Asker: 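Here you go, one structure.
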Amino acid sequence: MGASAPEEPSQMRRALVDTLAGAISGGISRTVTSPLDVIKIRFQVQLEPTTSWGLLRKDVYGPSKYTGLLQATKDILREEGLPGFWRGNVPALFMYMPYTAIQFTVLHKLKTFASGSSRTEDHLHLSPYLSYVSGAIAGCAATVGSYPFDLLRTILASQGEPKVYPNMRSALFDIIQTRGVRGLYAGLTPTLVEIIPYAGLQFGSYDTFKRSMMSWNRYRHGSEEDDSASSFQLFLCGFAAGTFSKAACHPLDVVKKRFQIEGLKRHPRYGARIESSTYKGMYHALKEIVVKEGFGGLYKGLFPSVVKSAPAGAVTFVAYEYISDWIASKAGVE
């Protein structure tokens, strides 16, 4: 009993370090990659084909608003100006900063519990399977805690011009009025189904890549001592982890976005509207997308998504590692 009392302030400081470092790294990553996220969302919520070969399916839907990454970039820039690429960034920051803060805090707690040590170095000796499981649990906790902001971000980023909602506040009140508080959690089920493998793969593969990089450093330097990964190596590990996890889980992200914008009254030039109750559930949504849009419909926005997620993952991991080390050194936390 006596030994646990002095440890509590230290554990609290460590949790604050993880929370603050996670929030800052998430905010940096989110702001830097916002333009690609906006384009990805526009692709995901477009019922019409998003590639030129898909335009052959004109019997299903009308002409497409966005047909490629470059074309979408030009269209958004011409119609909405540069700020269009950061549309929905404020609720995205409200979502992503607490998301990464909760995620890294819970992750560190789980690894500390599993390893019996709060030292990050000791966490690398954990079984790779524990990294995947810890990442999945941390992702679920972070998703539930920040989901309403994710929904608001998606709605504001997908509405285009003229705006349906001038700001986050008006969108929030309208959703509560028309759909109730439950409306703020529309699409939560496919999100949780997506986040379990996504977060597990992201954190598990990052730890796996990092271990491999450190082993390579030991082999290259011929020393057990000099194995720390450089910032560029950490960036590569985060880049690979972000690419792998996002590509594997993209179809569920498409389904989530469809649920989130059901009933949104966008301008007709953005394509067919997704009416309320279009999809009765996650399985029904997957089936409807495949039947009406082909298997390619499940991968709409994959390219900008991977192009965004790879550097986003890299920036988040590198920023977290350096920021947490810096804050920990200033606060005297191991």
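These numbers were taken from a predicted model, which means no experiment stands behind them. Residues: numbered from 1 along the sequence shown.
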Asker: Sequence neighbours excluded and cut-off under 3.5 Å, please list the side-chain donor-acceptor pairs for residues 128-139, or say none.
Answerer:
{"residue": "S131", "atom": "OG", "partner": "D207", "partner atom": "OD2", "Å": "2.9"}
{"residue": "S134", "atom": "OG", "partner": "L130", "partner atom": "O", "Å": "2.7"}

Asker: Identify the heavy atoms of A247 and L302 that sit nearest to each other, and give their distance.
Answerer: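 Minimum heavy-atom contact is CA-CD1, 4.2 Å.
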
Asker: For the atom pair CZ (F43) and NZ (K65), what is the distance rounded to the nearest 0.5 Å?
Answerer: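 Rounded to the nearest 0.5 Å, the CZ-NZ separation comes to 11.5 Å.
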
Asker: Answer yes when D75 and R42 have at least one side-chain N-carboxylate O distance shorter than 4.0 Å, and no when they do not.
Answerer: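 Salt bridge: no.
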
Asker: Hey, could you give me the OH/CG distance between Y198 and L192, rounded to the nearest 0.5 Å?
Answerer: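 The distance works out to 15.0 Å.
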
Asker: For L188 versus Y147, what's the shortest heavy-atom pair and its separation?
Answerer: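 So the two residues come closest at N-OH, 3.4 Å.
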
Asker: Is it true that the side chains of S34 and R30 contain a donor and an acceptor less than 3.5 Å apart?
Answerer: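 Yes, side-chain donor-acceptor contact under 3.5 Å.
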
Asker: Look up atom CD1 in I196 and atom CG in L252, then write down how far apart they are to the nearest 0.5 Å.
Answerer: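 Rounded to the nearest 0.5 Å, the CD1-CG separation comes out at 10.5 Å.
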
Asker: Is the closest side-chain heavy-atom distance between N217 and Q233 below 4.5 Å?
Answerer: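 N217 vs Q233: side chains touch.
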
Asker: Out of curiosity, K246 NZ to D253 CG, how far, rounded to the nearest 0.5 Å?
Answerer: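 Rounded to the nearest 0.5 Å, the NZ-CG separation comes to 4.0 Å.
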
Asker: Compare every heavy atom of T100 with every heavy atom of M97, then report the nearest pair and how far apart it is.
Answerer: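 Result for this residue pair: O-OG1, 3.2 Å.
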
Asker: Under 3.5 Å, side chain of S205 to main-chain N/O of L201, donor-acceptor pair present?
Answerer: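 Yes, because the side chain of S205 sits within donor-acceptor range (under 3.5 Å) of the backbone of L201.
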
Asker: Is there a side-chain contact between D37 and R153 in this structure, where contact means two heavy atoms from C-beta onward sitting under 4.5 Å apart?
Answerer: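 With C-beta onward as the side chain, the pair touches.
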
Asker: Flag the pair Y165 / L156 as yes when at least one side-chain heavy-atom distance between them is below 4.5 Å, and no otherwise.
Answerer: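 The answer is yes, as the side chains (C-beta and beyond) meet within the 4.5 Å cut-off.
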
Asker: I'd like to know if D174 and R179 make a salt bridge, using a cut-off of under 4.0 Å between side-chain N and carboxylate O.
Answerer: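 Judged by the 4.0 Å cut-off on N to carboxylate O distance, D174 and R179 do not form a salt bridge.
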
Asker: With a 4.5 Å cut-off on side-chain heavy-atom distances among I, L, V, M, F, W and Y, is there a chain of contacts connecting L152 to F259?
Answerer: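 They do share one cluster, since a chain of ILVMFWY contacts under 4.5 Å joins L152 to F259.
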
Asker: With a 4.0 Å cut-off, would you call K300 and E293 a salt bridge?
Answerer: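 Salt bridge between K300 and E293, a charged N being under 4.0 Å from a carboxylate O: yes.
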
Asker: Is V106 reachable from I323 through a run of I, L, V, M, F, W or Y residues, each pair having side-chain heavy atoms under 4.5 Å apart?
Answerer: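 No, because I323 and V106 fall into different hydrophobic clusters, even though each may have its own neighbours under 4.5 Å.
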
Asker: Any idea how W216 and Y219 line up, ring-wise: parallel (<30°), tilted (30 to 60°), or perpendicular (>60°)?
Answerer: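 Tilted: the ring planes of W216 and Y219 meet at 30° to 60°.
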
Asker: Does the separation of the ring centres of F104 and F203 fall below 6.0 angstrom?
Answerer: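 Between F104 and F203, the centre distance is under 6.0 Å.
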
Asker: Measure the spacing between CD1 of I327 and OH of Y322 and express it to the nearest 0.5 Å.
Answerer: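 Between atom CD1 of I327 and atom OH of Y322 there are 15.0 Å.
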
Asker: Checking E321 side chain against L234 main chain: does a donor-acceptor pair fall under 3.5 Å?
Answerer: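 No; zero donor-acceptor contacts below 3.5 Å.
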
Asker: Tell me if the aromatic rings of Y206 and Y320 count as close, with their centers under 6.0 Å from one another.
Answerer: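 Between Y206 and Y320, the centre distance exceeds or equals 6.0 Å.
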
Asker: Mind checking whether H250 and Y299 have parallel, tilted or perpendicular rings, split at 30° and 60°?
Answerer: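 H250 vs Y299 ring planes: parallel.
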
Asker: Can you name the closest pair of heavy atoms from T33 and S29 and give their distance?
Answerer: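 Result for this residue pair: OG1-O, 2.8 Å.
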
Asker: Is there a donor-acceptor pair under 3.5 Å between the side chain of S25 and the backbone N or O of G22?
Answerer: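 Yes, the answer is positive, given that a donor and an acceptor are paired below the 3.5 Å cut-off.
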
Asker: Any side-chain heavy atom of T31 within less than 4.5 Å of one from W86?
Answerer: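 Contact flag for T31/W86 side chains = yes.
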
Asker: Could you tell me whether the side chain of Q44 and the main chain of L298 form a donor-acceptor pair under 3.5 Å?
Answerer: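 Judged by distance alone, no pair lies under 3.5 Å.
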
Asker: Just checking, any donor-acceptor pair under 3.5 angstrom between side chains of T105 and T19?
Answerer: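 Result is yes, a qualifying pair exists.
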
Asker: With a 4.5 Å cut-off on side-chain heavy atoms, are I289 and F295 touching?
Answerer: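 When only atoms from C-beta onward are counted, I289 and F295 do not touch, as no gap falls below 4.5 Å.
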
Asker: Are the side chains of T316 and Y96 in touch, meaning some heavy atoms are under 4.5 Å apart?
Answerer: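 Heavy-atom side-chain distance check passes, below 4.5 Å.
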
Asker: Would you say L93 and L151 are hydrophobically clustered, going by side-chain heavy atoms of ILVMFWY under 4.5 Å?
Answerer: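 Hydrophobic grouping puts L93 apart from L151.
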
Asker: Do L107 and F113 sit in the same hydrophobic cluster, where Ile, Leu, Val, Met, Phe, Trp and Tyr count as joined when their side-chain heavy atoms come under 4.5 Å apart?
Answerer: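 No; F113 is not reachable from L107 via cluster members.
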
Asker: Can you see which heavy atom on G84 is nearest to which on V38, and at what distance?
Answerer: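 Heavy atoms only, the tightest pair is O-CG1, 3.7 Å.
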
Asker: Run the salt-bridge test on E80 and K163 with the 4.0 Å N-O cut-off and return the result as yes or no.
Answerer: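 No.
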
Asker: So T154 and K256, side-chain contact (heavy atoms from CB on, under 4.5 Å) or not? Walk me through it.
Answerer: CA-CA 10 Å; T154 298; K256 178 185 81 171; 5.6 Å; no

Asker: Ion pair present between K109 and D18, side-chain N to carboxylate O less than 4.0 angstrom?
Answerer: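 Here K109 does not pair with D18 in a salt bridge, since their nearest N and O are not under 4.0 Å apart.
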
Asker: Does some side-chain heavy atom of C140 sit less than 4.5 Å from a side-chain heavy atom of I195?
Answerer: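 Yes - at least one pair of side-chain heavy atoms lies under 4.5 Å apart.
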
Asker: So do I155 and I175 actually touch side chain to side chain, heavy atoms under 4.5 Å?
Answerer: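 Of all side-chain heavy-atom pairs linking I155 with I175, at least one is under 4.5 Å.
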
Asker: Decide whether F173 and F149 are clustered together by the hydrophobic rule: side chain heavy atoms of Ile, Leu, Val, Met, Phe, Trp, Tyr closer than 4.5 Å, transitively.
Answerer: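 No, F173 does not connect to F149 through the hydrophobic network.
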
Asker: Looking at every heavy atom in both G238 and F317, which two are closest together, and how far apart are they?
Answerer: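 Residues G238 and F317, closest heavy atoms: CA-CD1, 3.8 Å.
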
Asker: Looking at K74 and E79, does any basic side-chain N land under 4.0 Å from a carboxylate oxygen?
Answerer: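 Answer for the salt bridge query: no.
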
Asker: Could you state the interatomic distance from OG (S324) to CD1 (I24), rounded to the nearest 0.5 Å?
Answerer: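 If we round to the nearest 0.5 Å, S324:OG and I24:CD1 are 10.5 Å apart.
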
